[in-house]
Structures are given as C-alpha cells and as structure tokens.
S.K.: 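My questions all concern the structure below.
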Amino acid sequence: MAPRVQRAAPPYVQITDHFRQQILDGVLTEGEKLPSVAQISKDWSVATATAAKALSQLRTEGYVRSSSQGTFVSIRQKQTTGPDRLQMMRATGSGFRPGERVEILDALLVTATDEVAEALGVEAGSQVVQRRRVYLDDEGVVALSTSWLSRELADAAPELLSTEPLPKMTFGLIEDRTGRRTVRRRDVVAIRPVTEEAAPVLGLEAGTPALTMTNRYWDQNGEVTEYALDFLGAGRELSAEYALD
C-alpha cells in the first residue's frame, strides 16, 4: 500500500504542542506567564479564536491555569504518576504536588525477575537496582512506586543505592552522571493483585485487585533507563481529558 500524505496538524494543535513542549522541557516554569491570546494571535498569524482554543487545550490537559491576570504554568496540579513527576521536575524543579512527601522504603540490588529483565533488556537473574518509595499526602497513600534500573547505573550514581531522597529523582541523577536524558516512555494501566510486599504499605489484603501503572523509559539513544511499577493507593484514580476537534 502506498504511503499517504499526512495533513499538517490544525494551527491550534501546533500552538498547543509548542507551549506544552516548552513546559515539559522547563523553558516555561511553574508560575510563569504565557503570552496573551492577542500576542499569540499576532505571533502565529492566527485568529484570536484559534489562540484561545490552544490555551484552553493546555488548561484541559492540566498544564496551565487562567485568571484575570492571564494564563500561567501550573503543572503541579496534574495527576502524579511517574511520568507526571518527571514533567513536574523539569518544569518546576520538584516532582511533588503541594502537600506531598515521599518515604524511601529500600534501595538495593536484587535479582531481576523475568518481567523486569525483559523490560530493561538484561538477562533474567541479573543483578539490578531496585528502589521502592511511597508517596503520601494528607489523604494517605498516593502510590507505592517501585523502579528498577540496570546494575551499571549504580556504578555511575551510587546514590541509587541510598535510601535518601534524590533531589532530581532518578531521571535527573542519571542525566547528570551519564548524559542519558529520558526522552520517551510507554505507559500501561492495568488491574493487578496486590503483592504480599505491597499489601501492608497500601493497607490492603494481598491479592486484592488494584489499579497499577507500569512505565518504561528510554534515553536519547533508544536504550531503556528505567522500568517502574506503581500501585495506586485505595480510592485514587487515573484520569485524562482531551479535546476531540
């Protein structure tokens, strides 16, 4: 079958993509003001309705908030899954929403299971770094997050085996020490039974069905840097909202 020519994205989508990427890259940081509808209309040579639609889409996605003073970056209010924490860290310097905190449960070398080995591209039975932490807020457990990284990363960043919080999270530490920047991810949402290990942290019985998200991250060279599994706390939810036009 012959390839089809793809039409360019609508102008408001291009504008949305531009500002979203600036926020994710940290060019526009938390609380920074975006251009006005009139300024975007002028800069992009589009109708004011198109500019307004782009800002509306950014609000819908949770990247900005608007007030009588204008539109401002407000990524801290997004759902705090692993990928969102990476986005918040790049945009704000912190991977936490107001009122959130983290407790590092353990950081050690473990034997990779088949699932972890396949995700990281190492042999089953290999030694890998495992970091477990629980994110909490005033309502209790937000998520129990476990991430695995290849053993070689611990050589470059020994802090990965420390139970002290990492100021720039694993993503920032790895980038600083190795130059490997996380540029792509794959998310899978699924119902999984709560494990014996996770049960006491979540306050649930082992085997109870729970909402989970797994994330696999790749660097600029196409190599996997991290694999993570989050068990969401009881009563938490994952949600997304999109414009369909």
Side-chain angles (χ1 to χ4, degrees), residues 17-30 63 73 75-76 78-97 100 102-135 143-189 212-231:
D17 289 347
H18 170 77
F19 286 111
R20 184 195 302 110
Q21 196 59 54
Q22 285 204 318
I23 292 170
L24 296 181
D25 289 344
V27 177
L28 290 171
T29 58
E30 183 75 12
Y63 289 100
V73 176
I75 198 172
R76 288 189 188 276
K78 286 181 63 60
Q79 173 68 37
T80 45
T81 61
D84 291 326
R85 294 187 190 283
L86 171 59
Q87 294 170 352
M88 285 193 293
M89 185 196 71
R90 287 180 175 169
T92 72
S94 171
F96 302 98
R97 289 186 297 119
E100 270 192 334
V102 64
E103 294 179 5
I104 311 299
L105 302 180
D106 56 51
L108 66 166
L109 292 174
V110 300
T111 300
T113 64
D114 290 344
E115 177 184 349
V116 170
E118 188 279 328
L120 293 179
V122 300
E123 292 186 6
S126 299
Q127 290 285 288
V128 295
V129 176
Q130 174 182 285
R131 290 182 62 83
R132 282 198 319 145
R133 57 280 213 197
V134 58
Y135 294 97
L144 170 62
S145 180
T146 305
S147 60
W148 296 270
L149 308 97
S150 64
R151 172 68 177 81
E152 64 185 29
L153 289 176
D155 295 332
E159 296 95 324
L160 291 173
L161 296 176
S162 167
T163 54
E164 293 298 317
L166 304 175
K168 293 186 178 180
M169 305 172 67
T170 56
F171 311 105
L173 178 63
I174 291 169
E175 184 176 351
D176 285 350
R177 297 299 176 80
T178 68
R180 297 174 63 180
R181 179 179 173 83
T182 299
V183 299
R184 184 166 64 93
R185 77 174 197 253
R186 179 172 184 260
D187 306 332
V188 176
V189 177
T212 70
M213 175 183 277
T214 57
N215 316 112
R216 193 182 314 194
Y217 301 91
W218 286 266
D219 65 15
Q220 71 272 29
N221 301 313
E223 298 180 355
V224 175
T225 56
E226 183 173 348
Y227 179 62
L229 167 63
D230 285 10
F231 277 94

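Both backbone and side-chain heavy atoms feed into the values below; hydrogens, waters and symmetry mates do not.
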S.K.: Does the side chain of Leu173 come within less than 4.5 Å of Glu175's, by heavy atoms?
M.R.: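 Glu175 vs Leu173: side chains apart.
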S.K.: Assess whether a salt bridge exists between Arg151 and Glu123, defined as any Lys/Arg side-chain N lying under 4.0 Å from an Asp/Glu carboxylate O.
M.R.: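 Not counted as a salt bridge, because no side-chain N and carboxylate O are separated by less than 4.0 Å.
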S.K.: Mind checking the CG-CZ spacing from Leu153 to Arg180? Nearest 0.5 Å is all I need.
M.R.: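 Spacing of CG (Leu153) from CZ (Arg180) equals 5.5 Å.
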S.K.: Can you name the one residue among Asp106, Thr163, Thr146 that meets side-chain hydrogen bond (donor to acceptor under 3.5 Å, both in side chains) with Arg132?
M.R.: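 Exactly one option meets the side-chain hydrogen bond (donor to acceptor under 3.5 Å, both in side chains) with Arg132, and it is Asp106.
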S.K.: Measure the CG-CD distance between Leu120 and Glu223 for me, rounded to the nearest 0.5 Å.
M.R.: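 Going from the CG atom of Leu120 to the CD atom of Glu223 covers 12.0 Å.
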S.K.: Charged N to carboxylate O under 4.0 angstrom, Glu159 versus Arg177?
M.R.: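 A salt bridge is present here (some side-chain N lies under 4.0 Å from a carboxylate O).
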S.K.: Under 4.5 Å between any side-chain heavy atoms of Asp219 and Thr182, yes or no?
M.R.: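 With C-beta onward as the side chain, the pair stays apart.
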S.K.: Looking only at heavy atoms, which two atoms of Asp114 and Ala124 are closest? And how far apart?
M.R.: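 The pair with the smallest heavy-atom distance is OD1-CB, 3.3 Å.
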S.K.: Side chains of Tyr135 and Glu103, heavy atoms from C-beta outward: is any pair under 4.5 Å?
M.R.: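 Counting from C-beta outward, Tyr135 and Glu103 never come under 4.5 Å.
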S.K.: Hey, mind stepping through Thr29 and Val73 against side-chain contact (heavy atoms from CB on, under 4.5 Å) and telling me if it holds?
M.R.: CA-CA 6 Å; Thr29 58; Val73 176; over 6 Å; no
S.K.: Tell me, do Thr212 and Val189 make a side-chain contact under 4.5 Å, heavy atoms counted?
M.R.: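 Result no, sub-4.5 Å side-chain heavy-atom pair not found.
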S.K.: Have Tyr227 and Glu115 got a donor and an acceptor in their side chains that come within less than 3.5 Å?
M.R.: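 Yes, side-chain donor-acceptor contact under 3.5 Å.
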S.K.: Can you tell me how far the CD atom of Gln220 sits from the CZ atom of Arg181, to the nearest 0.5 Å?
M.R.: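 If I round to the nearest 0.5 Å, the distance is 9.0 Å.
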S.K.: Val102 and Val134: side-chain contact (heavy atoms from CB on, under 4.5 Å), yes or no, with the steps?
M.R.: CA-CA 6 Å; Val102 64; Val134 58; over 6 Å; no
S.K.: Could you report the tightest heavy-atom contact between Leu109 and Gln127, atom names first, then the distance?
M.R.: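 In this case the closest contact between Leu109 and Gln127 is CB-OE1, 3.5 Å.
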S.K.: Are Glu118 and Arg216 close enough, and set up right, to give a salt bridge (charged side-chain N to carboxylate O under 4.0 Å, His left out), and what steps lead you there?
M.R.: CA-CA 11 Å; Glu118 188 279 328; Arg216 193 182 314 194; 3.4 Å; yes
S.K.: For Val116 and Val128, what are the C-alpha separation, side-chain angles and deciding distance, and is it a side-chain contact (heavy atoms from CB on, under 4.5 Å)?
M.R.: CA-CA 9 Å; Val116 170; Val128 295; 4.3 Å; yes
S.K.: Out of Leu149, Ile174, Thr225, Thr170, which one pairs with Tyr217 under the side-chain contact (heavy atoms from CB on, under 4.5 Å) rule?
M.R.: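 Going through the options one by one, the only one that passes is Thr225.
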S.K.: For Ala156 and Thr178, work out which heavy atoms get closest and say how close.
M.R.: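 What the structure gives for the nearest pair is CB-CG2, 3.8 Å.
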S.K.: Which atom names give the shortest non-hydrogen contact between Asp155 and Pro158, and what distance separates them?
M.R.: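 Closest heavy-atom pair between Asp155 and Pro158: O-CD, 4.1 Å.
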S.K.: Please tell me whether Ser147 and Arg133 have a donor and an acceptor in their side chains that are separated by less than 3.5 angstrom.
M.R.: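 Yes - a donor-acceptor pair under 3.5 Å links their side chains.
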S.K.: Hey, are the side chains of Trp148 and Leu229 touching, using non-hydrogen atoms and a 4.5 Å cut-off?
M.R.: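 Yes, their side chains come closer than 4.5 Å.
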S.K.: Evaluate salt bridge (charged side-chain N to carboxylate O under 4.0 Å, His left out) for Lys168 paired with Asp176, printing each intermediate quantity in order.
M.R.: CA-CA 9 Å; Lys168 293 186 178 180; Asp176 285 350; 3.2 Å; yes
S.K.: Could you state the interatomic distance from CD1 (Ile104) to OG (Ser145), rounded to the nearest 0.5 Å?
M.R.: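 Reported to 0.5 Å precision, the distance equals 9.0 Å.
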S.K.: Measuring from atom OG1 of Thr111 to atom CD of Gln130, what distance do you get when rounded to the nearest 0.5 angstrom?
M.R.: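 Rounded to the nearest 0.5 Å, the OG1-CD separation comes out at 10.5 Å.
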S.K.: Val129 and Ala154: which non-hydrogen atoms are nearest, and at how many Å?
M.R.: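 Heavy atoms of Val129 and Ala154 come nearest at CG2-CB, 3.7 Å.
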S.K.: Counting only heavy atoms not in Asn221 (residues, nucleotides, ligands), do more than 12 fall under 6.0 Å from its CG?
M.R.: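 It does: Asn221 CG has more than 12 such atoms within range.
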S.K.: Do you know which two heavy atoms are closest between Ser162 and Ala107, and how far apart they sit?
M.R.: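 Distance-wise, the nearest heavy atoms are O-CB, 3.4 Å.
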